Amino acid sequence: MVETKQLTLRELDRIIEMAWEDRTPFEAILYQFGLPEKEIIKLMRRNLKESSFKRWRKRVNSGVSQKHLKKRNPDITRFKCSRQKAISGNKISKR
């Protein structure tokens, strides 16, 4: 089992945000924070309501999400959408 490091509130907030984004693959989170997919799933289970976690897992496992690099178009080589604005304060914005 991978030893989980202590995450700051800001890092935790950013990881959850990245996990919710359909276009951000698990490999991007692994690269930036050193957390493999299994640890991200555990983190999401601990920090989301049960219904939100189930909705997230259903979406990740559906054909809509491109959370796994194998499902992505090979022409996409970036982690961030070119039209995505910079995120200030790592807060998940309300729509």
Side-chain angles (χ1 to χ4, degrees):
M1 183 183 229
V2 176
E3 185 178 317
T4 306
K5 70 173 192 159
Q6 285 292 84
L7 298 169
T8 65
L9 189 56
R10 180 173 236 164
E11 290 172 326
L12 181 63
D13 195 39
R14 181 64 182 139
I15 292 168
I16 292 171
E17 182 178 15
M18 290 173 76
W20 268 108
E21 294 170 350
D22 286 334
R23 293 186 179 186
T24 304
F26 287 118
E27 290 82 1
I29 300 171
L30 175 64
Y31 177 77
Q32 291 182 17
F33 296 98
L35 290 175
E37 181 179 353
K38 287 184 179 184
E39 292 297 317
I40 295 167
I41 293 168
K42 288 178 187 176
L43 184 140
M44 295 294 276
R45 188 184 304 272
R46 283 192 311 262
N47 290 285
L48 297 178
K49 294 186 300 184
E50 183 178 353
S51 60
S52 297
F53 174 75
K54 286 180 180 179
R55 188 172 352 125
W56 174 74
R57 286 299 291 158
K58 185 176 180 180
R59 186 163 180 84
V60 166
N61 292 325
S62 73
V64 174
S65 178
Q66 298 177 356
K67 295 303 284 183
H68 300 91
L69 284 179
K70 291 178 183 177
K71 291 183 180 180
R72 290 181 74 141
N73 181 337
D75 296 335
I76 300 173
T77 58
R78 64 188 184 280
F79 290 149
K80 179 178 167 184
C81 175
S82 61
R83 295 176 307 281
Q84 182 178 348
K85 294 182 180 180
I87 299 168
S88 60
N90 290 329
K91 298 285 183 182
I92 298 174
S93 62
K94 304 286 181 189
R95 293 180 191 235

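Only this structure's heavy atoms are used, side chains among them; waters, hydrogens and symmetry mates stay out. Computed from a predicted structure; not experimentally measured.
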Tightest non-hydrogen contact, residues T24 and M18, listed as CB-O, 3.5 Å
CE of M44 to CH2 of W20, rounded to nearest 0.5 Å, is 6.0 Å
With a 4.5 Å limit on heavy-atom distance, are the side chains of F33 and L12 in contact? no
Are F53 and L7 linked, directly or through intermediate hydrophobic residues, by side-chain heavy-atom contacts shorter than 4.5 Å (ILVMFWY only)? yes
How long is the gap from CG on L48 to CZ on R57, to the nearest 0.5 Å? 11.5 Å
Is it true that R14 and E11 make a salt bridge, defined as a side-chain N closer than 4.0 Å to a carboxylate O? no
Beyond-backbone contact of I16 with L43, side-chain heavy atoms, under 4.5 angstrom: yes
Compare every heavy atom of G34 with every heavy atom of P36, then report the nearest pair and how far apart it is. CD-O, 3.6 Å
Closest non-hydrogen atom pair between A19 and I29, with its separation: N-CD1, 3.9 Å
Would you mind reporting whether V60 and F26 have side-chain heavy atoms less than 4.5 Å apart? yes
CD (E37) and NZ (K42) are apart, to the nearest 0.5 Å, by 12.0 Å
